**Q** 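Structure incoming, see below.
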Amino acid sequence: MKAAIIILSDPKHGGEDALGRMFNGLAAAYDFKQRDIPVSIYFQGAGTRWPGVVGQPSHPVHALFKAVETEIAGVSCGCADVFGAREDAVKSGFDLITDNSVPGTSGLPSLGKLVADGFTVFTF
């Protein structure tokens with residue numbers, strides 16, 4: 001088994017629900033990692049705003065974020081463009097993913113490729 005964690009929640013407008021979804025997504029990734037199950041984390045949609053937020057040591061999810069940081073595959077390039085998060089993603093050192101050449105965008109992660117490669121996809 002392989003797991004792909006897709007973080008979609010919005011730290012800017014999502015409030016406690018968004019924080020809970022982010023926390024639980026990273027906690028799931030941590031659980032997979034501890035069990036030696038391959039896991040990849042993707043930030044997509046408004047979730048592309050998270051890398052600029054949780055990188056701050058004062059953020060309540062920062063320690064968990066650092067514990068799974070090596071499992072982060074990257075940030076959806078097209079979504080980061082739409083949600084104004086590209087600069088923070090690049091500054092945070094994350095790859096911009098463009099596997100899925102969606103017309104009118106700079107590309108997004110390919111969920112089809114993940115599934116074809118044997119990943120189970122979880123969204124938060």
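Predicted model only: the values in this text are computed from it and were never measured. No hydrogens, no waters, no symmetry mates; every other heavy atom, side chains included, goes into these values.
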**Q** Atom CZ of residue position Phe119 - does it have more than 12 heavy atoms of other residues, nucleotides or ligands inside 6.0 Å?
**A** yes
**Q** Describe, in one word, how the ring planes of Phe65 and Phe94 are oriented to each other, choosing from parallel (under 30°), tilted (30 to 60°) and perpendicular (over 60°).
**A** perpendicular
**Q** Test of understanding: with side chain to side chain donor-acceptor pair (under 3.5 Å), list the residues that count as partners of Asp10, not counting sequence neighbours.
**A** Arg49
**Q** Please name the pair of heavy atoms, one in Ala29 and one in Val68, separated by the smallest distance, quoted to 0.1 Å.
**A** C-CG1, 4.1 Å
**Q** If you measure from NZ on Lys91 to CG on Asp88, what distance do you get to the nearest 0.5 Å?
**A** 5.5 Å
**Q** Please table the atom pairs, donor to acceptor, closer than 3.5 Å between any side-chain atom in residues 71-86 and protein atoms at least two apart or in another chain.
**A**
from: Ser76; atom 1: OG; to: Cys79; atom 2: N; distance (Å): 3.3
from: Asp81; atom 1: OD1; to: Arg86; atom 2: NH1; distance (Å): 3.0
from: Asp81; atom 1: OD2; to: Arg86; atom 2: NH1; distance (Å): 3.3
from: Asp81; atom 1: OD2; to: Ser106; atom 2: OG; distance (Å): 2.6

**Q** Using modelled atom types and a 3.5 Å cut-off, is there a donor and acceptor pairing between side-chain atoms of Asn24 and backbone atoms of Gly20?
**A** yes
**Q** Tell me every residue that passes side chain to side chain donor-acceptor pair (under 3.5 Å) with Ser58, counting only those two or more places apart in sequence or in another chain.
**A** none
**Q** Can you tell me if Thr48 uses its side chain to pair, donor with acceptor, with the backbone of Gln44 under 3.5 Å?
**A** no
**Q** Do Leu64 and Tyr30 make a side-chain contact, defined as non-hydrogen atoms from C-beta onward lying under 4.5 Å apart?
**A** yes
**Q** Quick check on Lys2: does its NZ atom have over 12 non-hydrogen neighbours (other residues, nucleotides or ligands) under 6.0 Å away?
**A** yes
**Q** Hey, does the side chain of Trp50 reach the backbone of Gly55 with a donor-acceptor pair shorter than 3.5 angstrom?
**A** no
**Q** Taking all heavy atoms of Pro11 and all of Ser9, pick out the closest pair and write down the distance.
**A** CD-O, 3.6 Å
**Q** Is Val90 close to Glu87 at the side-chain level, that is, under 4.5 Å between some pair of heavy atoms?
**A** no
**Q** Taking salt bridge (Lys or Arg N to Asp or Glu O under 4.0 Å) as the test, write out the residues that go with Arg21, two or more places apart.
**A** none
**Q** Got a sec, which residues hit side chain to side chain donor-acceptor pair (under 3.5 Å) with Lys12, two or more places apart in sequence or on another chain?
**A** none
**Q** State yes or no: do Leu8 and Val115 share one hydrophobic cluster built from I, L, V, M, F, W and Y residues joined by side-chain heavy-atom distances below 4.5 Å, directly or via other members?
**A** yes
**Q** How long is the gap from CD1 on Ile5 to CZ on Phe43, to the nearest 0.5 Å?
**A** 10.5 Å
**Q** Is the ring centre of Phe122 less than 6.0 Å from the ring centre of Tyr42?
**A** no
**Q** For Leu19 and His59: C-alpha separation, side-chain torsions, deciding distance, then whether side chain to side chain contact (heavy atoms under 4.5 Å, CB included) applies.
**A** CA-CA 10 Å; Leu19 178 60; His59 195 277; 3.7 Å; yes
**Q** Does anything in residues 115-124 form a salt bridge (charged side-chain N to carboxylate O under 4.0 Å, His left out)? List the pairs, not counting sequence neighbours.
**A** Lys113-Asp117
**Q** Determine whether Ile7 and Ile97 fall in the same hydrophobic cluster, where Ile, Leu, Val, Met, Phe, Trp and Tyr are linked whenever their side-chain heavy atoms lie under 4.5 Å apart.
**A** no
**Q** Sub-3.5 Å donor-acceptor pair from the side chain of His62 to the main-chain atoms of Val54, do we have one?
**A** yes
**Q** Is there a side chain to side chain contact (heavy atoms under 4.5 Å, CB included) between Ile6 and Leu111 once you walk through the steps?
**A** CA-CA 10 Å; Ile6 312 295; Leu111 298 182; 3.9 Å; yes
**Q** Do Leu26 and Ile41 have side chains that get closer than 4.5 Å, going by heavy atoms?
**A** yes
**Q** Mind checking whether Val39 and Phe23 sit in one hydrophobic cluster, side chains of I, L, V, M, F, W, Y counted as touching below 4.5 Å?
**A** yes
**Q** When you measure from the side chain of Thr105 to the backbone N and O of Val102, does any donor-acceptor pair fall under 3.5 Å?
**A** yes
**Q** How far apart are the closest heavy atoms of Met1 and Ile37, and which atoms are they?
**A** O-CG2, 3.6 Å
